[in-house]
**Student:** 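Have a look at this one before I ask anything.
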Amino acid sequence: MTDYRTSNGPMAYRDRGEGTRDPVVFLHAFPLNSRMWEPQVEALAGERRVVTPDYPGFGRSPHTPAQPDVRYYAEGILGLLDRLGLESVVLGGLSMGGYAAFACLRLFPERVSGLVLANTRPDPDSDEMREGRRKMAHHVSREGVEVLIELMMPRLLAEETRKNDPAVVEQVKAMILESSPDGVVAALGAMRDRPDSTSLLKEIKVPTLVIGGEEDAVSNPEVMGEMAEKIPDARHVILAGVGHLSNLEDPEGFNAALEEFLADL
Ligand code: MLT
């Protein structure tokens, strides 16, 4: 784990593997951190460089001093690419990582050679969701990140995974507890106010893998399918029996789709 200083403050990242083709940068979901990408890093690092940052206030990154917007996270990622001298990368994001990936596409599309949009959606929050974010932020400010375990777990993992895969459940809990309350509250505000990225989809010029879980209630297969249809060069993969954290719930299925996609890039 290494730290780097962005114009907005320090961020931490993991950097593994090497290869001649474009490195992959994976952006994590809320309220987790870069460790969620371990199964993909393990699978790819033999052939590719894989870089996985922690957003401010998550994992090993210190918290953010102000209320950021999604562009703030994208600026941090741009700072990381500059620091590492990466001119062109395959960018992947799951859920909030997808929201951050859309912000990256707005900020530096010329440095993205391929895109992985996992369990995410282009549209902004509904009023009801915005209200839910406000309530969740109040809970976390008062009671700490522990409350997220109960509040988020049914959203993050399919019922089947929660019942039958205690290792994944424990891994997700541990990552939640590594987040700081300030970072969580800041990210809730950034997600709540994120812009609509729907009109961006038709502008995406690079090959795109849209991948999600059949049981994902946050970004369901219908939403993901509509998103894939609007992206000129997209393929859509739905993983059966899997919820929101599809890369952790079905690492084999996720990695198979990822490796097939990356073979052409
Ligand atoms: C995530 O997994 O990043 C969040 O569930 C996204 C969201 O709440 O919109």
Side-chain angles (χ1 to χ4, degrees), residues 6-9 11 25-32 53-58 61 63-81 89-112 114-137 140 152 155 182-206 208-212 216-220 222-234 236 244:
T6 72
S7 52
N8 296 326
M11 272 173 82
V25 177
F26 281 127
L27 308 178
H28 65 81
F30 170 91
L32 308 183
D54 288 342
Y55 312 133
F58 293 87
S61 287
H63 71 82
T64 163
Q67 173 58 68
D69 51 18
V70 280
R71 186 186 159 106
Y72 171 93
Y73 300 105
E75 283 167 355
I77 293 146
L78 178 59
L80 177 58
L81 300 194
V89 298
V90 177
L91 187 64
L94 190 143
S95 198
M96 178 183 166
Y99 311 156
F102 288 133
C104 291
L105 284 175
R106 276 191 278 272
L107 195 61
F108 52 89
E110 70 289 351
R111 292 178 68 172
V112 179
L115 189 63
V116 179
L117 295 173
N119 305 79
T120 195
R121 53 191 305 149
D123 51 339
D125 275 5
S126 63
D127 288 346
E128 192 187 339
M129 285 157 81
R130 290 166 62 85
E131 191 48 34
R133 307 259 193 222
R134 275 190 207 98
K135 285 194 179 136
M136 192 179 278
V140 172
M152 290 294 296
R155 274 167 66 90
D182 289 354
V184 165
V185 170
L188 283 166
M191 290 195 288
R192 185 192 64 214
D193 295 336
R194 73 185 187 278
D196 190 348
S197 295
T198 309
S199 64
L200 186 69
L201 301 176
K202 62 178 184 313
E203 311 294 337
I204 296 176
K205 304 267 187 306
V206 295
T208 301
L209 172 64
V210 173
I211 181 164
D216 185 353
V218 185
S219 316
N220 63 46
E222 200 188 335
V223 168
M224 301 281 293
E226 283 170 14
M227 180 166 73
E229 270 173 29
K230 294 191 174 103
I231 300 173
D233 181 8
H236 183 200
H244 190 54

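Along the sequence shown, the residues carry numbers beginning at 1.
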**Student:** Specify whether Tyr55 and His28 have parallel, tilted or perpendicular ring planes, treating 30° as the upper limit for parallel and 60° as the lower limit for perpendicular.
**Tutor:**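 Aromatic pair Tyr55/His28 classed tilted.
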**Student:** Do Arg130 and Asp193 sit within salt-bridge range, that is, some charged N less than 4.0 Å from a carboxylate O?
**Tutor:**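 The answer is yes: the pair qualifies as a salt bridge.
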**Student:** Say you draw a straight line from OG1 of Thr208 to NZ of Lys230; how long is it, rounded to the nearest 0.5 Å?
**Tutor:**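 Rounded to the nearest 0.5 Å, the OG1-NZ separation comes to 14.5 Å.
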**Student:** Side chains of Glu131 and Arg134: closer than 4.5 Å at any heavy-atom pair?
**Tutor:**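 Yes - at least one pair of side-chain heavy atoms lies under 4.5 Å apart.
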**Student:** Can you tell me how far the CZ atom of Arg155 sits from the CZ atom of Phe30, to the nearest 0.5 Å?
**Tutor:**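 Interatomic distance, Arg155 CZ to Phe30 CZ, rounded to 0.5 Å: 8.5 Å.
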**Student:** Are the side chains of Met227 and Leu117 in contact, using a 4.5 Å heavy-atom criterion?
**Tutor:**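 Yes - at least one pair of side-chain heavy atoms lies under 4.5 Å apart.
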**Student:** Mark yes or no for whether Ser219, through its side chain, and Asn119, through its backbone, hold a donor-acceptor pair below 3.5 Å.
**Tutor:**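 A pair under 3.5 Å: yes.
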**Student:** Under 4.0 Å between a Lys/Arg side-chain N and an Asp/Glu carboxylate O for Arg121 and Asp123?
**Tutor:**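 A salt bridge is present here (some side-chain N lies under 4.0 Å from a carboxylate O).
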**Student:** Just verifying a value: how many Å separate Lys135 NZ and Leu188 CG, rounded to the nearest 0.5 Å?
**Tutor:**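 Result: 13.5 Å between the selected atoms.
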**Student:** Rounded to the nearest 0.5 Å, what separates atom CE in Met224 from atom OG1 in Thr120?
**Tutor:**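 Reported to 0.5 Å precision, the distance equals 7.0 Å.
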**Student:** Using side-chain contact (heavy atoms from CB on, under 4.5 Å) as the criterion, point out the one residue from Leu200, Val210, Leu209, Leu115 that pairs with Ile231.
**Tutor:**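 Answer to the side-chain contact (heavy atoms from CB on, under 4.5 Å) test with Ile231 among Leu200, Val210, Leu209, Leu115: Val210.
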**Student:** Return yes when atom CD of Glu128 has more than 12 non-hydrogen atoms of other residues, nucleotides or ligands closer than 6.0 Å, and no otherwise.
**Tutor:**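 Atom CD in Glu128 is not crowded, with 12 or fewer foreign heavy atoms closer than 6.0 Å.
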**Student:** My understanding is that only residues two or more places apart in sequence, or in another chain, count here; which of them pass side-chain hydrogen bond (donor to acceptor under 3.5 Å, both in side chains) with Arg194?
**Tutor:**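 For Arg194 the side-chain hydrogen bond (donor to acceptor under 3.5 Å, both in side chains) partners, ignoring immediate neighbours, are Asp125.
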**Student:** Side chains of residues 91-108: which donor-acceptor partners sit under 3.5 Å, not counting sequence neighbours?
**Tutor:**
{"unit_1": "Ser95", "atom_1": "OG", "unit_2": "His244", "atom_2": "NE2", "d": "2.8"}
{"unit_1": "Arg106", "atom_1": "NH1", "unit_2": "Ser197", "atom_2": "OG", "d": "3.2"}
{"unit_1": "Arg106", "atom_1": "NH2", "unit_2": "Ser197", "atom_2": "OG", "d": "3.4"}

**Student:** How about Lys205 and Pro232: do any of their side-chain heavy atoms sit closer than 4.5 Å?
**Tutor:**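 They are not in contact (no side-chain heavy atoms under 4.5 Å apart), so the answer is no.
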**Student:** What is the distance from atom CE of Met136 to atom CE of Met129, rounded to the nearest 0.5 Å?
**Tutor:**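 CE of Met129 is found 10.5 Å from CE of Met136.
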